[in-house]
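Fair warning: this is a prediction, and the values are worked out from it, not measured in the lab. Along the sequence shown, residues carry numbers from 1.
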Amino acid sequence: MRVRTSISADGLAAEIEKELARDITASIREGTDLLKGRLRADTQSAFKGNRLPKAWRGNVYPKGQDSIDAAGFVAVRKKAAEIIETAIEATVIRAKGGRWLAIPTEAAGKFGLKRGANGMGATVNKRGARERITPGGFERRTGMKLRFVYEGGKKGGRRAFLVADQAMLGAGRVAKPYQSRGRGSRLYGPAGQTIVVFILVPQITTRKRLDLDAIANEVGARTAGLIVRKRSS
């Protein structure tokens with residue numbers, strides 16, 4: 001007695017292709033999440049913030065189905081991309097019109113009042129009233145007038161400062177008007193001290209802080225390894 005069996009080549013090929021598409025798509029999805037996570041972590045390290053890293057978004061195509069041609073993409077929108085590009089290559093940032101770039105010191109604080117906000121009795125804690133710290137925003141927030149102090153830099157360079165007179169450091173080591181009474185007032189003499197609030201320079205050169213190619217190559221190699229492991233398991 002003979003028993004004969006046969007396998008449909010078309011059916012077998014279809015089943016193998018289905019499994020391959022599932023493994024490739026799963027690996028691409030995992031690799032895309034890994035790439036997004038690495039880019040977010042490195043962006044946070046480069047810019048010391050929490051909002052910009054979240055601009056990285058990842059998608060796997062085709063959406064909602066497995067494919068042997070699956071591809072993953074991680075990208076940011078134009079506004080965030082313009083900021084991130086400043087960390088990809090060393091960049092020279094120059095002041096407009098031959099003026100100065102104002103670099104805040106710790107004494108400046110993080111936020112200032114928007115133009116016109118102080119007329120409404122607003123503070124930096126009021127929604128819509130604050131902006132990223134600028135010399136004008138600092139003056140509006142504190143009521144202190146900044147004084148320009150010029151100092152020639154080394155090798156013919158230029159440097160200057162914006163300082164606050166009759167000042168003292170408050171919470172977070174942020175400059176505020178001197179108060180003759182209160183905790184710590186004795187440290188600042190009878191009339192307060194002069195505190196550097198902004199450093200002025202004609203230009204700055206940012207260093208390369210983000211290597212997108214290196215990250216992509218590393219994650220790409222790991223994603224290829226994921227496919228191999230899934231097929232061999």
For the atom pair [atom1] ([X]) and [atom2] ([Y]), what is the distance rounded to the nearest 0.5 Å?
X	Y	atom1	atom2	value
Ile195	Met168	CD1	CE	8.5 Å
Phe161	Leu146	CZ	CG	13.5 Å
Asp23	Arg229	CG	CZ	12.5 Å
Arg40	Leu52	CZ	CG	11.0 Å
Ile93	Ile204	CD1	CD1	4.5 Å
Ile84	Ile88	CD1	CD1	7.5 Å

Taking all atoms of both residues into account, what is the closest heavy-atom pair of Arg29 and Val60, and its distance? CA-CG2, 3.7 Å
Listed once per pair and sorted, the side chain to side chain donor-acceptor pair (under 3.5 Å) pairs that draw on residues 52-70, sequence neighbours left out: Thr43-Trp56
Close side-chain approach of Gln193 to Tyr178, heavy-atom, < 4.5 Å: no
Begin from the C-alpha positions of Phe198 and Phe138 and carry the test side chain to side chain contact (heavy atoms under 4.5 Å, CB included) through to its verdict. CA-CA 10 Å; Phe198 290 90; Phe138 174 86; 4.1 Å; yes
Hydrophobic clusters here meaning ILVMFWY residues chained together by side-chain heavy-atom distances under 4.5 Å, can you tell me if [X] and [Y] are in one?
X	Y	answer
Phe47	Ile133	no
Val76	Leu210	yes
Ile199	Leu101	yes
Tyr150	Leu162	yes

Under the salt bridge (charged side-chain N to carboxylate O under 4.0 Å, His left out) rule, what do Lys114 and Glu131 come out as? Steps first, then yes or no, please. CA-CA 6 Å; Lys114 288 183 178 179; Glu131 63 181 4; over 6 Å; no
Around atom CZ of Arg222, are there more than 12 heavy atoms of other residues, nucleotides or ligands at under 6.0 Å? no
Count the heavy atoms belonging to other residues, nucleotides or ligands that lie under 6.0 Å from CD of Gln166, then report whether that count exceeds 12. no
Option from Val219, Val74, Ile215 for which side-chain contact (heavy atoms from CB on, under 4.5 Å) with Leu34 holds: Val219
Scan the side chains in residues 102-110 for donor-acceptor partners under 3.5 Å anywhere in the protein, sequence neighbours excluded, and list what turns up.
unit_1	atom_1	unit_2	atom_2	d
Thr105	OG1	Ala107	N	3.3
Thr105	OG1	Val196	O	2.9
Thr105	OG1	Val197	O	3.0

